[in-house]
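It should be emphasised that the depicted structure is a prediction, and the values quoted were computed from it without experimental measurement.
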Amino acid sequence: MRHNAVRLLMATLVALAACLVAPGSPARAAVPDSPAVTYTNPIAEKRADPHIFRHTDGYYYFTATVPEYDRIVLRRATTIQGLSTAQEVTIWTKHAGGVMGAHIWAPEIHFIDGKWYVYFAAGATNDVWAIRMYVLEGTGSNPLTATWTEKGQIKTQWESFSLDATTFVVGGVRYLAWAQRDPSVNNNTDVYLARMSNPWTITGTPVMLSRPTYSWETVGYKVNEGPAVIQHGGKVFMSYSASATDSNYCLGLLSASAGADLLDAANWSKSSTPVFTSNAGTSQYGPGHNSFTVSEDGRSDVLVYHDRSYKDISGDPLNDPNRRTRVQKLYWKADGTPDFGIPVADGVTPQRFSSYNFADRFIRHWEYRARAEAGVSPLADSQFRVVAGLTGSGTVSLESANFPGYYLRHKNFEVWLEKNDGTAQFASDATFHKRGGLADSAGVSYESYNYAGRYIRHYEYLLYVQAPSTATDRADATFYAQ
């Protein structure tokens, strides 16, 4: 009898749901929590090891290593893009002699308990490689005009090469992560973690979280450095940079549960492969030493990093000044882990387009055919730059993120990804009018430039250019930019 009652209840619920949905109405996915954000790269030329901090005052604060290695600079703007043209102020200059007199590297700015703190590394005039970590404290609402005092060196378990301090809070506990050379080991630097008793002092015994052992961590130098932390879905993720600072530079990833004892190295897992590497297709080389920030609306995570636009470097990479600060949206996989994708091409950053009626499906290319698919890997197969239309006239074209110069175009009313051959026919077929979503004005629909009334839509998960006539057609031709 109980089974019959359950079946009756289920039938009633199904009937009720049917009454609540108009006959013939297509399924509808929720508007995404994280809409598209786009920026134009690079943000700053000749600025390495970038750190962007968004404060509660509505400003983004930006600092980075300058190629002269002689000072600490700050910029601020109300938008990330605005940092590219913001006034730059020098807040501190290296000492004329002694410690803190050379190799001023990798500053980070944080706001802790009502004061500003800048963490940086420096050598000494009598030994430029005696790199240690130091802290500045700033008093004042605006760090560009604050009064700065030196809090001295962050003392660790050894007096050895140490740099790239970053601080973060998990579960009400403030931690410091950094890179340091273990004097007893034949490598360059490992990543360490410790609690902090105040913003310039660690307490307790530091724990080593990662040592360079994989082949991709040991090219040129055996390096793990530049830790950066982001939290998401009850997990703590720590990215770090590996290998020499040339085109081999790349990012690895550590992860732990936010509820675990973070000072137990066994609670951290380490990626066996790099998560962010050079990409010849987009002409980006040596991406690394990253930080994380958030978009202006607070709904997207943003990856901040440096790289170069060329692979080959003459001489020591440390003497090459052309590392540039760049940003791009950080995406999250269905399992809650970050997807860094690829370092995208210079210019406007790409977007993804999810289906209006199938939230987990994104426009992507596969063997050059365009389709709507879930669980896209690699991420870049589902990223497209919305650029000025190849025919002009206020139109747009959709350029592949990982195949620059290739565009979505229709051919026999099927949508393919093909290389621009420079013909007028290609330009027309790869050009669209961007419209408000046919099924939801918060979405977007793309109408063919040369076949008015035909829109990009998915049908059995393949993309076509068709004229929508039903509610389902209009739903299939509506996408959300992410």
Side-chain angles (χ1 to χ4, degrees), residues 41-51 63-73 88 90 93-97 99-108 120-133 160-164 178-181 186-191 212 214-227 240-252 274 276-291 304-326 342-343 345-346:
N41 282 315
I43 295 294
E45 299 282 1
K46 297 185 177 182
R47 293 293 178 265
D49 312 323
H51 186 255
T63 187
T65 301
V66 301
E68 298 81 10
Y69 303 144
D70 63 352
R71 63 194 188 277
I72 295 174
V73 296
E88 189 168 85
T90 297
T93 303
K94 70 178 182 179
H95 290 192
V99 298
M100 292 186 276
H103 280 168
I104 310 304
W105 289 349
E108 285 199 8
F120 66 101
T125 54
N126 62 334
D127 185 356
V128 297
W129 296 108
I131 306 292
R132 302 291 186 269
M133 301 178 293
S160 66
F161 187 92
S162 54
L163 70 169
D164 297 348
W178 72 97
Q180 187 162 11
R181 182 178 183 273
N186 181 28
N187 69 358
N188 296 97
T189 52
D190 309 315
V191 171
Y214 291 118
S215 59
W216 52 270
E217 299 177 297
T218 57
V219 183
Y221 295 98
K222 299 176 181 178
V223 169
N224 283 178
E225 65 182 14
Y240 64 90
S241 300
S243 289
T245 58
D246 54 18
S247 63
N248 295 294
Y249 211 45
C250 59
L251 293 183
F276 202 53
T277 62
S278 293
N279 189 283
T282 59
S283 299
Q284 307 299 324
Y285 298 95
H289 202 116
N290 77 290
S291 59
V304 185
Y305 63 98
H306 75 236
D307 74 6
R308 292 183 178 89
S309 61
Y310 50 88
K311 180 178 181 180
D312 297 322
I313 299 169
S314 298
D316 188 337
L318 279 176
N319 296 327
D320 181 294
N322 293 318
R323 292 179 290 179
R324 313 93 47 79
T325 293
R326 311 179 86 252
I342 62 173
D346 284 354

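- Taking the ring centroids of Y249 and H306, they lie under the 6.0 Å cut-off.
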I'd like to know whether T245 forms a side chain to side chain contact (heavy atoms under 4.5 Å, CB included) with H289, so could you lay out the CA-CA distance, the side-chain angles of the two residues, the decisive distance to 0.1 Å, and finally the verdict. CA-CA 9 Å; T245 58; H289 202 116; over 6 Å; no

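- To the nearest 0.5 Å, the span separating OG on S160 from CD1 on I131 amounts to 11.5 Å.
- When every heavy atom of V128 is checked against every heavy atom of H103, the shortest pair comes out as O-ND1, 3.1 Å.
- Here the shortest heavy-atom pairing between R47 and P67 reads NH1-CD, 3.6 Å.
- Taking OG from S241 and CG from D49, the interatomic distance works out to 8.0 Å, rounded to the nearest 0.5 Å.
- Ring-plane geometry between Y240 and W216 is classed as parallel, the angle between the planes falling under 30 degrees on a 0 to 90 degree scale with a further cut at 60.
- Judged by distance alone, the side chain of T189 and the main-chain N or O of V223 form no donor-acceptor pair under 3.5 Å.
- The backbone N or O of P343 lies less than 3.5 Å from no partner atom in the side chain of Y305, so there is not a single donor-acceptor pair.
- Under a 3.5 Å cut-off, the side chain of T90 and the backbone N or O of V73 do not form any donor-acceptor pair.
- Under the salt bridge (charged side-chain N to carboxylate O under 4.0 Å, His left out) criterion, D320 pairs with R308, sequence neighbours left out.
- Considering every non-hydrogen atom in both S291 and P50, the closest pair reads OG-O, 3.0 Å.
- Under a 3.5 Å cut-off, the side chain of H95 and the backbone N or O of M100 do not form any donor-acceptor pair.
- Interatomic distance, M133 CE to S162 OG, rounded to the nearest 0.5 Å: 4.0 Å.
- The distance from the CZ atom of R326 to the CG atom of N41 is 4.0 Å, given to the nearest 0.5 Å.
- Closest approach of G226 to A179, counting heavy atoms only: N-CB, 4.5 Å.
- One distance of note links CG of D190 with CD of Q180; it measures 9.0 Å at 0.5 Å rounding.
- Remark: R324 engages D307 in a salt bridge, criterion side-chain N to carboxylate O under 4.0 Å.
- Under the 3.5 Å distance criterion, the side-chain polar atoms of T325 are left unmatched by any main-chain donor or acceptor of I43.
- Smallest separation of non-hydrogen atoms from I72 and P107: CG2-CB, 4.1 Å.
- Side-chain atoms of P287 and C250, non-hydrogen and from C-beta on, never get closer than 4.5 Å to each other.
- Residues D246 and P317 approach most closely at CB-CG, 4.0 Å, considering heavy atoms.
- At least one donor-acceptor pair closer than 3.5 Å links the side chain of S278 to the backbone N or O of G286.
- Side-chain contact between S243 and K222 is absent, with no heavy-atom pair separated by less than 4.5 Å.
- Within a 6.0 Å radius of CZ in F161, other residues, nucleotides and ligands contribute more than 12 heavy atoms.
- Expressed to the nearest 0.5 Å, how far OH of Y285 lies from CG of N322 amounts to 15.0 Å.
- In this structure the side chain of Y69 never reaches within 4.5 angstrom of the side chain of K94, judged on heavy atoms.
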